[in-house]
Amino acid sequence: MPTITLPDGAERQFAEPVSGAELAADISKSLAKKAVAWKVDGELYDLDHKTEEDAAAAIVTRDDPEGLDLIRHDAAHLLAQAVQALYPDTQVTIGPVIEDGFYYDFAREEPFSTEDFERIERKMQELVDADLPTRKEVWPRAEAIARFEALGEHYKAELIKDLPEDEEIKVYHHGEWYDLCRGPHLPSTKHIGKAFKLMKLAGAYWRGDHRNAVLQRVYGTAWTNEKELKQYLHRLEEAEKRDHRKLGREMDLFHLQEEAHGSVFWHPNGYTMWLELEAYIRRKLSKYGYVEVKTPQLIDAKLWEKSGHWGKYSQNMFVVPDDVPDTVSDGAVFDPEAKLMAIKPMNCPAHVQVFNQGIKSYRDLPLRMAEFGCCHRNEPHGALHGIMRVRQFTQDDAHIFCRWDQIAEETKKFCALASSVYEDLGFEDVRIALATRPEMRIGTDEEWDRMEKVLADALTEAGLEYEVLAGEGAFYAPKLEYHLRDAIGRSWQCGTLQLDPLLPERLGASYVDEDGSKKRPVMLHRAILGSMERFLGILIENHAGRMPLWLAPTQAVVTTITSDADGYAQEVADTLEAAGLRVKADLRNEKINYKVREHSNAKVPAILVCGAREAEERTVSVRRLGSKETRTVSLDDIKASLLEEATAPDLR
RNA sequence: GCUGCCGUAGCUCAGGGGUAGAGCACUCCCUUGGUAAGGGAGAGGCCGGGAGUUCAAAUCUCCCCGGCAGCACCA
């Protein structure tokens with residue numbers, strides 16, 4: 001005699017155990033039609049699942065968020081079913097729902113090609129039209145393994161073997177075809193609809209382990225209706241338009257080439273942005289009590305051995321023999337006995353060297369040592385991506401040497417600094433994560449308790465909310481991470497603060513405490529932007545190339561309608577340039593339409609047009625990027641307003 | 001590093017065993033035109049690199065290099 005409480009609080013009584021379908025039918029005919037699953041006490045179930053207990057329940061339709069996940073999950077099954085119908089030599093593995101869609105990993109000798117997609121999609125549509133009903137069965141474990149093995153589905157059999165002993169082995173049938181799955185599923189294939197599309201093909205390791213076989217992963221997207229699918233595809237196009245690699249070329253900011261694989265050639269435009277950003281950060285650091293240093297690129301392997309990098313990190317380091325290359329004789333270019341040096345992948349050991357010069361007193365702490373440190377890391381080639389993931393990059397790095405009792409205060413100060421920087425740079429959605437002790441770690445649990453608490457308390461005292469990323473900390477200490485959400489909703493990890501008691505120990509850093517005894521400082525590794533290269537890439541994509549005036553390489557172009565105004569236009573350009581603005585004069589013999597279009601495409605924030613009228617009145621006609629409107633403004637006024645807008649956010 | 005796709009002019013791309021193509025950009029000429037492409041002419045490529053097959057390779061095969069997507073990596 002279950003009593004079902006609906007989301008609106010209404011109660012319905014049933015004489016017998018009731019299924020979702022029956023409940024929906026009891027509520028209304030139209031709901032019965034739309035129902036695809038139901039939630040019982042917060043758990044999602046198949047529509048034909050029955051409950052005999054009193055429960056809070058809700059009917060799920062295609063339009064609910066859970067409904068969309070079901071559509072995607074079923075679409076993954078549909079994909080597997082279609083692929084096995086068309087390519088019988090294929091083994092199925094797993095096919096989860098992901099953001100915006102789903103994927104399915106297949107094992108098959110012959111590679112799939114994106115040209116197969118059309119055929120597979122057609123088959124999927126056929127299966128939707130066939131409206132195959134879903135049927136769940138629970139199989140005994142041994143039988144399930146045997147049946148999948150008999151089908152040649154070795155991956156599935158392996159999955160079942162690894163399921164916890166007490167877990168039901170559920171098999172879902174969609175017509176004749178079936179798959180191991182924990183469910184739930186839509187009542188039939190018709191409910192998936194046809195707003196799906198296969199997107200990409202990629203290799204993926206079985207169980208995500210690179211020692212395992214490579215499977216073929218097919219990515220798809222699925223939505224409630226055609227309109228949403230279209231919107232999604234449109235969103236992808238928009239993201240493509242703001243790709244920093246494309247904008248970098250169009251705006252002449254930088255380039256990359258084979259001969260310097262993974263390193264950026266910054267052009268004058270791009271480097272202008274870099275210099276502005278760097279100057280801004282430098283001013284902020286100075287305000288927050290940092291000192292700036294510059295340390296060597298090439299450092300003897302001995303120091304890297306001492307710091308521990310040689311053991312832990314050498315596969316990512318560029319190593320150079322300290323020898324004169326022999327390019328004349330046929331023998332080895334370098335003496336195999338030559339001493340080895342490494343190009344720094346991090347600045348921290350060098351900063352400890354600076355700290356270690358002379359004797360430090362507790363009065364010197366906290367010592368905040370910053371460097372725009374140029375580092376090289378030999379990243380896996382497949383990981384390189386535009387200027388976002390490179391082999392040479394410059395960190396806005398700093399290390400704070402302090403006492404244990406200063407960590408909380410320094411953490412708070414850092415959080416304040418980081419927040420103000422992100423705000424200045426236009427990032428409003430900033431999230432903080434506390435990454436705690438990983439499984440593989442050094443140190444005692446008491447030490448970890450203490451370290452995690454000090455960071456957590458500092459965040460709480462600073463009034464900051466944070467999320468805990470359990471197990472994501474470094475092997476020696478916990479860390480804070482800053483995640484920024486950009487204009488189109490993507491999340492980027494930028495800032496970080498890492499506690500490090502280990503490196504000062506390894507490199508023998510010490511200070512004299514109040515009582516005259518020698519003590520170890522603790523180090524806080526911290527960055528706000530992360531890498532200049534990557535952050536500039538993020539800024540470019542966040543603004544879709546339309547940079548705020550203080551960062552824009554060319555802030556204004558002065559251009560003419562007819563050559564009669566050339567003299568005046570040049571005077572305007574000279575005046576603005578003398579005032580400190582980055583201005584170009586465009587006196588070319590082209591029509592105004594053409595010039596406006598060209599400078600708009602180049603993302604110049606302000607176009608100042610001069611014709612006979614403006615020359616006469618000593619004004620300019622101002623057209624701002626992204627607007628079709630023009631405004632006539634006196635030369636003095638435009639100078640003042642552009643200057644104000646071009647002021648970096650910390651100087652306002 | 002792994003899997004798949006790709007590499008032709010500065011850019012976007014077409015072509016495809018037998019003198020290499022378009023649009024835009026570039027140079028010159030005409031045009032002086034009021035806010036997102038005026039008109040004409042010209043120049044520009046060892047078809048990513050190397051080897052092989054062939055009378056003949058940009059085109060077919062193999063090996064490298066690079067790009068894109070994903071995976072793995074990112075103490």
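So that the names make sense, note that chain A is the first sequence line, chain B the second, and so on, each numbered from 1. Note that the structure is predicted; figures quoted are calculated from it, not measured.
- Rounded to whole Å, the separation between the P atoms of B/rC47 and B/rG33 comes to 48 Å.
- Among the protein residues, A/N601 comes within range of the nucleic acid bases, having at least one heavy atom under 4.0 Å from a base atom.
- With a 3.5 Å ceiling on both atom-pair distances, the Watson-Crick or G-U wobble partner of B/rU27 is B/rA41.
- Put simply, A/H210 has no side-chain N or O that comes within less than 4.0 Å of OP1 or OP2 on B/rC2.
- Across the strands present, B/rU19 finds no partner; the criterion is a Watson-Crick or G-U wobble pair with both atom distances under 3.5 angstrom.
- Nucleotides B/rG17 and B/rU54, compared at atom C1', are 9 Å apart to the nearest Å.
- Here the separation of B/rG45 from B/rC62, taken at their P atoms, is 31 Å to the nearest Å.
- Here the separation of B/rC13 from B/rC73, taken at their P atoms, is 32 Å to the nearest Å.
- Between A/K591 atom NZ and B/rA37 atom P there is a gap of 11 Å when expressed in whole angstrom units.
- Rounding to the nearest 0.5 Å gives a distance of 9.0 Å between CG of A/L587 and SG of A/C610.
- Following rounding to the nearest Å, A/D243 (CG) and B/rC68 (P) show an atom-to-atom distance of 9 Å.
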Distances for protein N or O near nucleotides 6-12 of chain B N or O, under 3.5 Å:
| unit_1 | atom_1 | unit_2 | atom_2 | d |
| --- | --- | --- | --- | --- |
| B/rU12 | OP1 | A/R249 | NH2 | 3.0 |

Any N/O pairs under 3.5 Å between the protein and nucleotides 25-28 of chain B? List them or say none.
| unit_1 | atom_1 | unit_2 | atom_2 | d |
| --- | --- | --- | --- | --- |
| B/rA25 | OP1 | A/Y594 | OH | 3.2 |

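- Atom pair A/Y568:OH and B/rU32:P shows a separation of 24 Å (rounding to whole Å applied).
- Within the 4.5 Å cutoff, no side-chain heavy atoms of A/T436 are placed close to those of A/L469.
- One C1' atom belongs to B/rG18, the other to B/rC6, and the distance between them is 27 Å to the nearest Å.
- Using a 4.0 Å cut-off between a side-chain N of Lys or Arg and a carboxylate O of Asp or Glu, A/R588 and A/E598 qualify as a salt bridge.
- Using modelled atom types, one finds a donor on one side chain and an acceptor on the other under 3.5 Å when comparing A/Y219 with A/R217.
- In this model, a donor atom of one side chain and an acceptor atom of the other lie less than 3.5 Å apart for A/E371 and A/H351.
- Taking side-chain N and O atoms only, A/R631 has no distance below 4.0 Å to OP1 or OP2 of B/rU35.
- The partner of B/rU54, taking Watson-Crick or G-U wobble pairs whose two distances both stay under 3.5 Å, does not exist in any strand shown.
- In the model, A/E259 has no side-chain atom that pairs as donor or acceptor with a side-chain atom of A/H261 under 3.5 Å.
- The side chain of A/H261 contributes an N or O atom lying less than 4.0 Å from OP1 or OP2 of B/rG66.
- With hydrogens and angles left out, the side-chain atoms of A/E481 and A/Q498 include no donor and acceptor closer than 3.5 Å.
- Checked by distance alone, A/R623 brings a side-chain donor or acceptor within 3.5 Å of a matching partner on the base of B/rA36.
- Around atom CZ of A/R631, no more than 12 heavy atoms belonging to other residues, nucleotides or ligands sit under 6.0 Å away.
- In this pair, A/F401 and A/H399 present their aromatic rings tilted. The plane angle is within the 30 to 60° band.
- Along RNA chain B, the nucleotide nearest to A/A202 and the one nearest to A/E379 differ in position, and the one closer to the 5' end is contacted by A/A202.
- A 6.0 Å sphere centred on CD of A/Q315 holds more than 12 heavy atoms belonging to other residues, nucleotides or ligands.
- Taking side-chain N and O atoms only, A/H385 has a distance below 4.0 Å to OP1 or OP2 of B/rA69.
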